[in-house]
Every structure is written in C-alpha cells, then in structure tokens.
Asker: 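For reference, the structure I am asking about is given below.
Chain letters run A, B, ... following the sequence lines, proteins first and then strands; every chain starts at 1.
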4 protein chains.
Amino acid sequence: MAATDAVVGSGIKGVTRASGAGAISPGATAAAGRPRSEQTHRAILDATLALLSEVGFAALTVEGVASRAGVGKATIYRRWASKLPLVVEAFDGLPGFEETDTGTLAGDLKAMLSGYLKNFLATPLATVYPSLAAERSHNPALGEVLDPVLVGRRRPLDAALERAVARGEIAADTDLEMASDLIVGPIAVRLFFRGARIHPAMVDDMVELALHGIKRASPTTAAADESTGKR
Amino acid sequence: MAATDAVVGSGIKGVTRASGAGAISPGATAAAGRPRSEQTHRAILDATLALLSEVGFAALTVEGVASRAGVGKATIYRRWASKLPLVVEAFDGLPGFEETDTGTLAGDLKAMLSGYLKNFLATPLATVYPSLAAERSHNPALGEVLDPVLVGRRRPLDAALERAVARGEIAADTDLEMASDLIVGPIAVRLFFRGARIHPAMVDDMVELALHGIKRASPTTAAADESTGKR
Amino acid sequence: MAATDAVVGSGIKGVTRASGAGAISPGATAAAGRPRSEQTHRAILDATLALLSEVGFAALTVEGVASRAGVGKATIYRRWASKLPLVVEAFDGLPGFEETDTGTLAGDLKAMLSGYLKNFLATPLATVYPSLAAERSHNPALGEVLDPVLVGRRRPLDAALERAVARGEIAADTDLEMASDLIVGPIAVRLFFRGARIHPAMVDDMVELALHGIKRASPTTAAADESTGKR
Amino acid sequence: MAATDAVVGSGIKGVTRASGAGAISPGATAAAGRPRSEQTHRAILDATLALLSEVGFAALTVEGVASRAGVGKATIYRRWASKLPLVVEAFDGLPGFEETDTGTLAGDLKAMLSGYLKNFLATPLATVYPSLAAERSHNPALGEVLDPVLVGRRRPLDAALERAVARGEIAADTDLEMASDLIVGPIAVRLFFRGARIHPAMVDDMVELALHGIKRASPTTAAADESTGKR
DNA sequence: TCGTAAGCGAGACGGTACGTCGAGTCTTGCT
DNA sequence: AGCAAGACTCGACGTACCGTCTCGCTTACGA
C-alpha cells in the first residue's frame, strides 16, 4: 500500500470551486466580503476524518459531516465540489511514511513499513484508501487530484531506494518505481484484499523476500543477511 | 491483484437468503410452490455485470439492475440480501487465472498474468475488485463471503508455485502465501491504486523482479535465466 | 345506517368470476375436474370477517385472508374478482334487523334499532359499511352488487312501516322510502360520521323525534305517546 | 351528510408536523432556515383535490399528489404526517353550508341544503366524505383531527336551529344536536349509502318530513305550512 | 464609520433510491 | 380440473441524502 502513500500536505485546493487564492497571490482582486473561516475549514476536515473511521467512506454523507461539524451543507459545497475532493483533502492530512535513514536499505524499509503499519491501524487509512481506489476506476478525474498526493506520500520510500543506489547497494539500472511497487504490493494486497492482519515480524520477512526474490539462491544467502534471522 | 483472484465458480450460494437446495440434497422436501427461474437468475447477474462496467459499484443501484434485467426489485431481494452478495456472485462468474503449465515457474507466471491482464481490461474486474475491498473494511461479514471466492480464484497461481517447489526450482521452505502476494502485489498496486496501464512486457519484468529480488547480483544473473530475455 | 341494512343472504354470487353453477343446476355440463370445496368457501368468508373486525377494511389484504384461511391466494381470486365482492359476500352474512312486530310502529322501530345496535358493536359492520360506501363513489359497479343486499337487509324495517300504514297509524300517502331514511339517517350519521357511541336510551328519543318531527307541538304531544316516557 | 359538514376554514394546521407558527405567535423565534413556500402548499392541496375527484380516496397516492403538484414526496411528508391529514386539510377547503337567514326554519334549511347539494355534485365531497368516515372507524386519531372541522362546517345549520328556538318556532328544550342529525341524516344516507341522486324538490320534502315527523297529524298540518305545498 | 458583499447556520426544495409489502398472475406438483 | 405454495412483475410506501436554493444573520474589508 505504501508506495501509494507518504508525506503530508501536497495541497489539492485546486479541487475546490471557490476563488481560493484572493489574498495569497499578490495583486489579486481584493476579495470583497467576509473571508472564509479557517476554523470552519478545520472543523469540516476533522468531522470528515472522524466519520470516516466510524462509518467508512461509502456511508459517509455530506449531511453527516455538516451536522457533525456544526456547519451548513452549503458551506461545505462552497469549498468542495463533492465528498470526494473533501475526503482526498482530509486523507492528505493523515500521517504516511516517516523519513528514516538507518544506513542500509533493508533497515530503512523495515523501519518505515513498521511505522506505517501503526498509523494504518490507528487512522481511517484502511477505510479511505480502497474507497478512493474504487472511485478512481469510474472517475478518471479523481486520478488527477489523487496522484500528486500519492506521489508525495511515497517520497520517503523512493528516497531510501535512491540512497541505496547511491551506496551501490542495488544496481544502478534498477527500475525504482517497480521496486517500490514490489515492496509495497504484498502489504497492500494483504491489508486491503484479504483483510489480513500483518504481524510486525512479517514486515521483515516481506522486505527480505522483496530484496532477494523468491528464487533466492539458498538459505545461505538468507543467512548472510544483515537482518534478524527469520524462518 | 492477481493473488486474490483466479478460477471460476467457487459457489457462494450461501449468501442467498432462500433455502436454495431443494432437489440438490437427496431426500429433501420437494420445494413447494413455483421454483425460482434459472433464467431470471442469469438475467439478473448479466445485468449486474453490465451495469458494473458501465457505472461502477458505487453507482450501481438495485433498481437499475432490476429494470435492466426486466425483473421486479423483489425478485432480486428474494435471492440476495443486498447488492453486495449480488455483486460477489456476479464477480465470481468472471474469468480469473487460467491453469497453465509451461514447465518453468517464470513461464507459468508470465503466461497466467498476461492472460489475466487481458480479462482484466475486458471485464468489470477493475471496477468490482477495489469496490469489494473498500466495502470489506467496514463490513467484516463480507470477508466471510468473499474470502472463499478469492482463495478459489488464485488456485492456479498457487499450483504453479507448488510445482516449482516439487521441481526444486525454489526452496522447499519458501512461504508460498507470501510469495504469491509478492508476485501479484505490484500488479495490484499499479492497477488499482495508481490507475496505471500495464504493458504486457512489463509483466515479464515484474515476474523477474519478484523471482530474483531487488538486490539481484547483477544483470548477468538475469541473463542466466531460463526465461525470455527482458530489458 | 339501518335503512341500508337488513336480512341475510341475498346471494351475490354473480360477482364471482368462475362458472359457479356446475353441479348445482341440474342438467348442466358435468363440471369436469375436482369440484370446489364448500368448506374452503366458508373458511375464506370466516377469515374475511375475522380480519375485518380486527384490522378493518382498508388494511384487509387478500394475502392475509388466504393465510388466515389456510388457502392459496389463487383460490380466492378464482371465486371473487377482488377483495370487494369478497367483502360484500361476507358482509351479507352478518346479522341485520330482526323481524319484530309489537303492534305499534314506535315499538317495532325501537325494538329493531336497539337490537341492531347490539349487532353493530359486536361485528365488523361499523367497519365495513362506510368502507363499502366509500368505494361505491368511485366504483359504480359496486352499487349493482351492493344494492340488492342492502334492500334485502332493510326489509324488516319497511315491513314495519307498511304494517303501520295498514293499521292507519301513519298516513297512507307517506313516502315510505323517505320515512325509513328519516329513521335510520340520524343513527347512521352519528355512528359513521361522528364516531359517536349511541346509548340505547337515545334510540327511543330518535324514534320519537322522527315520528313527531322537530316542530312537534309541545312536550305534551310526546307525553301522550304510547311508548315509554323519555325526557 | 350535512350535519357533519359546513363552513370553511376551521384551520387544522395542528395536524402538520412542523412548528408552523413562527411569525404568528408574537415573540416567537424567527424561524431559522428557508421558510416553507405558500405556493407549494396550495399546489399540493389543489393536486390533492383534483386527484380525489378523479380516483377517490383509496386510490389516492402521495406519490401521485407529488408528481401532479410538481413537488417532491418529502415536501408533502414534511407538512403532513400521512395522506389522511392532507386530505382533511384539503377537504376543509371545500365549500360547505352557506349561512342563510330567510326568517323561518324551513326556509333556512331548504336554502342551505339546496345550496349544499350543488357543491356536493361539483366537488370531491361525495368521494372524500365517506372515505374519511371509513378511515375513522379504524383510526380513532382521525376523529380528533376531523371532528373540529366537521363541527365548524355544520355551524350555519346549528345557527339556523338556534334562531328558530329564539323565535319560538321550535320548543326550547329541543335537543338541537339530534335535530340537526335528523335533518341531515336522510340526505347523507341517500347520497352515501345508496348512491342516489337527490332531486332539489326532494330536499323540500325531506325538510318538511323532518320538521313535522312521520306521524304528522294530517295533510292539514302540512297545508298550514309556510313553505311550498309538497305532495 | 459605515456600507456592502460575501460567509454562514438552518432548513426547505425537487429528486432518486432505498428495502418492504401487497396486488393480481402464473407455475409446479399433489389430490 | 381444484388446490397450497410460492415465485413472478409492478407500483406505492415512508425515509434518507443528494445538490441547490432561500432566508436572516454576522463579519471584515475598503471607501
């Protein structure tokens, strides 16, 4: 799941309807009238996250968010065109991978994935992620909003791979995109499609398997590992 | 995505409300009243699949299925408790992995994954899969219905791995479940979470990467492969 | 209410769909197949009456009657075209006015009306009557079925008026139809349109009022009555 | 029918769900949110009356009213709890007895009843009235809503009787409630239970009969009448 | 300092779909 | 054939949200 995740705050305000800019871009028209309340903004996003973890994405209603946030429905629609960009923005506020540098690729990956798992269980990530994925397949426009967020969120993972290349730990011609998919794929499949709990110890095994491959030469290769002996 | 998929017809009739059995279990009471029409059953499932690919899971309405199938809503609710088990059953009718034995693990995997990709693009699989995944996170009951289907669908993949173990192609102590997740994970992530098209040639690369790992010694290792040269 | 009511069994079989006759009229074609069960017929009518008093006409469902009578819905529709003629026939089996001859018009009317009131409270009459009336206004065909029943049911009342004419108790040129409406009207209005309970003693007052009119000379006129002193 | 009827606009707003009042009661809170459209209100009531005369009460559906009025179903349910109070309010808007004072009781009654008959034939009164009556027998709550309306509608009739008492035309101890039932009863019975047309001339006869009673002393009494000679 | 334009909570609006129930019909297998 | 059982299509039920629209405030600018 992780390759599709990481970092905070890529900013998807572009999804909103309203002028937005105003005071920000210098020289813009003076934004007459009462400015939008930042406090209201937070209340809506907080209510959205709370409801997401309680009832899930499908059962999330704009009406529910409004009443939970103590806000009028119109106030929400004034800022987000639908519940989708609202959820995307709320989602973007959730914690992702935590930049970690242990000196080895295996160490970095194990640390980041373990940390991520903790967040995963404590936030609505498990709920939101597949819902957004489900929506994307019939709403290509969502991709444009979502992709930058996802790219941003997986940055620490990519950085670890780049460091490994720089250190000569992995081949320079490695397809890093594919590599990060390989690391993150099995975990995503287990979490989302199989609803399986992932034991922290399992993370280490998965990283090893991804690093050395299914056809790893022999147990000796594994024994040569710098990580905890597994199996 | 693939490890969570394969084969046809695992039979999830258990989701239906009605007695169902009747003539099947020998000695059962003769099922009084007019029997359910098998033709109606097909019409409903077909309409469901058609609508799934057109509008997706979230926008799928039972009302829409009924009118498309030329059937009363009650007839649908008589057989499925909600749109979820209906979709699961329709989904189970979709093609999955095709049992293939080329003599080598890499050959089997490449053939099956390539074949699967074709199905994937031609059927509502791309739509249905993440939708079911999304639902599961807030509906644990779905897992019980869905899991047997998924296990059934991935059987050909598991079989190929088992053959590879028997041939000594991979270590006997390999965790096969994790291995199949590793093969299938990257593809799933690309298809669902990134909305990326996967080029057939990419499948071969992915298989190679999964078999030899990110830290594979060098391109020479790959060159020594018994499979088609890639890159 | 009464003028629209009285007597038993005017027979409205004409409303039914089926051939009906069969074995009854001698010489008729031999009524191939299994003959209709008379027992079933009774069971259906009984269930209808029972449900009428329990839930009322509007909430009466053919489905309910069928299940209460232990009968298939088709069996009911084979005999009655809809719930309306079914209810009419069941209604026709209810008790109406009881033929009474006390020697004076006032005595006859008071006796019959009092008796009728008792039935009224113990049977679904109160429910069925206005429902049928309500239906008639938009279903003229109902009138044809209902009217003979009603005429039959009010016969004892008409007979009492005729005896009064014969005795010279009332003018020979009296419009008897109007007279019976005058007797029965106030009670009907109170029962149906005002939902008022009618005390037995009130019946006597009403009869007196109808007999002597609103402009009756004075209380003395009433005091000269041959009936029980009221007021 | 008449005693259960008369006058316009007794106001049964109490049946509605909503607060209603708002600006009416002085000092009330300013009724937040968009106010209910009076135009919508009229459209709904008009559609209700139109459908009532076309299809009758039983076949009247809220869905039908909504679509005829060009209104959402929810808008109807927001204002009336069910079709019953809706119909009651629509009914209350129908014309009833027209206050008339000719100087004599017979004159007042004949005028008012004749006028009423005209309304009766031109509006859905014939349909609505028995339907409401039918409903009441199984829905006591209806009585509470309906009774004040009916009392209001019959006011002109009661007033005429009171004037007659004041003039000494009828005895002071006359039970006026019973008297109005006597006047109105025969007409109600004929209209509702027998589906009979009532000729205007018949109204006069009925009034005379009610005033002088079935046992009226002799034709001479009738000849002494101030009204048109009848029979 | 004040007018004014926008933001705001509330909630009514026309709709669509929900899952259920009954209508009236049809089908099956038994009697 | 009649019959009990029950599946069939159809259409209405009353509810919940949708996304839009008025209301009558409140709030911060800029003239």
Asker: Quick one: side chains of residues 42-56 of chain A, donor-acceptor pairs under 3.5 Å with protein atoms, not counting sequence neighbours, listed by atom name and distance.
Answerer:
{"from": "A/Arg42", "atom 1": "NH2", "to": "A/Asp46", "atom 2": "OD1", "distance (Å)": "2.8"}
{"from": "A/Thr48", "atom 1": "OG1", "to": "A/Ile44", "atom 2": "O", "distance (Å)": "2.7"}
{"from": "A/Ser53", "atom 1": "OG", "to": "A/Leu49", "atom 2": "O", "distance (Å)": "3.1"}
{"from": "A/Ser53", "atom 1": "OG", "to": "A/Ala50", "atom 2": "O", "distance (Å)": "3.1"}
{"from": "A/Glu54", "atom 1": "OE1", "to": "A/Arg68", "atom 2": "NH2", "distance (Å)": "2.7"}
{"from": "A/Glu54", "atom 1": "OE2", "to": "A/Arg68", "atom 2": "NH2", "distance (Å)": "3.0"}

Asker: Do you know the tightest heavy-atom contact between A/Pro85 and A/Ser82?
Answerer: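 Answer, listing the atom of A/Pro85 first, then A/Ser82: CD-OG, 3.0 Å.
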
Asker: In whole angstrom, what separates C/Leu84's CG from E/dA23's C1'?
Answerer: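 The answer, rounded to whole Å, is 14 Å.
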
Asker: For A/Ile76 and E/dG7, what is the distance between atoms CD1 and P respectively, to the nearest whole Å?
Answerer: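 One finds 15 Å between P of E/dG7 and CD1 of A/Ile76, rounded.
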
Asker: What's the spacing between D/Phe91 CZ and D/Leu132 CG if we round to 0.5 Å?
Answerer: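 Going from CZ on D/Phe91 over to CG on D/Leu132, the span is 6.0 Å.
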
Asker: To the nearest 10 degrees, what angle separates the axes at the start and end of the helix from E/dT1-F/dA31 to E/dT31-F/dA1, five pairs each?
Answerer: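 Answer for the end axes of this duplex: 10°.
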
Asker: Strictly below 4.0 Å: does B/Arg36 bring a side-chain N or O up to OP1 or OP2 of F/dC8?
Answerer: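 For F/dC8, neither OP1 nor OP2 has a side-chain N or O of B/Arg36 closer than 4.0 Å.
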
Asker: Please step through side-chain hydrogen bond (donor to acceptor under 3.5 Å, both in side chains) for the pair D/Arg36 and D/His41, ending with a clear verdict.
Answerer: CA-CA 8 Å; D/Arg36 295 187 181 169; D/His41 206 82; over 6 Å; no

Asker: With a non-hydrogen cut-off below 4.0 angstrom, is D/Ser37 in contact with a base, only sugar-phosphate, or nothing?
Answerer: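 Sugar-phosphate, no base atom in range.
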
Asker: Tell me the interatomic distance from D/Lys83, atom NZ, to F/dT15, atom P, rounded to whole angstroms.
Answerer: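 Rounded to whole Å, this separation is 16 Å.
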
Asker: Report yes or no: is the cationic atom of C/Lys83 (NZ for Lys, CZ for Arg) closer than 6.0 Å to the six-membered ring centre of C/Tyr77, at no more than 45° off its axis?
Answerer: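 No; the conditions do not both hold, so C/Lys83 does not lie above the ring face of C/Tyr77.
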
Asker: At under 4.0 Å between heavy atoms, what does B/Lys73 touch on the DNA or RNA strands: base, sugar-phosphate, or nothing?
Answerer: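 Answer is base: heavy atoms of B/Lys73 come under 4.0 Å of a base.
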
Asker: Classify B/Thr75 by what it touches in the nucleic acid, base, sugar-phosphate, or nothing, heavy-atom distance under 4.0 Å.
Answerer: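 Contact class for B/Thr75: base.
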
Asker: Not counting sequence neighbours, which residues clear salt bridge (charged side-chain N to carboxylate O under 4.0 Å, His left out) with D/Lys73? List them please.
Answerer: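 For D/Lys73 the salt bridge (charged side-chain N to carboxylate O under 4.0 Å, His left out) partners, ignoring immediate neighbours, are D/Glu63.
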
Asker: Could you give the CZ-to-P distance, from B/Arg78 to F/dA7, as a whole number of Å?
Answerer: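 After rounding, the gap between these two atoms is 6 Å.
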
Asker: Using the side-chain hydrogen bond (donor to acceptor under 3.5 Å, both in side chains) criterion, which residues pair with D/Thr40? Sequence neighbours excluded.
Answerer: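 If we apply the side-chain hydrogen bond (donor to acceptor under 3.5 Å, both in side chains) test to D/Thr40, skipping adjacent residues, the hits are D/Ser37.
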
Asker: Grab the CH2-P distance between A/Trp80 and F/dC18 for me, whole Å please.
Answerer: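 So the two atoms are 15 Å apart, to the nearest Å.
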
Asker: Rounded to the Å, how far apart are D/Arg79 CZ and F/dG14 P?
Answerer: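 After rounding, the reported distance stands at 18 Å.
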
Asker: Between the side-chain atoms of D/Arg34 and the base atoms of F/dC21, is any donor-acceptor pair under 3.5 Å?
Answerer: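 Indeed there is one.
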
Asker: Separation of D/Ile44 atom CD1 from E/dG14 atom C1', in whole Å?
Answerer: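 Checked: the CD1 to C1' distance equals 11 Å.
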
Asker: Using a strict heavy-atom distance below 4.0 Å, which residues from residues 58-70 of chain C are in contact with DNA chain E?
Answerer: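 Within residues 58-70 of chain C, the residues near DNA chain E are C/Thr61, C/Val62, C/Glu63.
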
Asker: For C/Tyr77 and E/dG24, give me the distance from atom OH to atom C1', rounded to whole Å.
Answerer: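 Going from OH in C/Tyr77 over to C1' in E/dG24 covers 5 Å.
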
Asker: Given side-chain contact (heavy atoms from CB on, under 4.5 Å), test D/Val88 with D/Leu142 step by step and report yes or no.
Answerer: CA-CA 9 Å; D/Val88 170; D/Leu142 172 58; 3.9 Å; yes

Asker: Can you sort out the partners of D/Arg34 under side-chain hydrogen bond (donor to acceptor under 3.5 Å, both in side chains), two or more places apart, ordered by chain and number?
Answerer: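 None.
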
Asker: If you assign C/Gly72 and B/Val71 each to the DNA chain F nucleotide with the nearest heavy atom, which residue ends up on the more 5' nucleotide?
Answerer: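 Taking each residue's closest nucleotide, the earlier one in sequence belongs to C/Gly72.
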
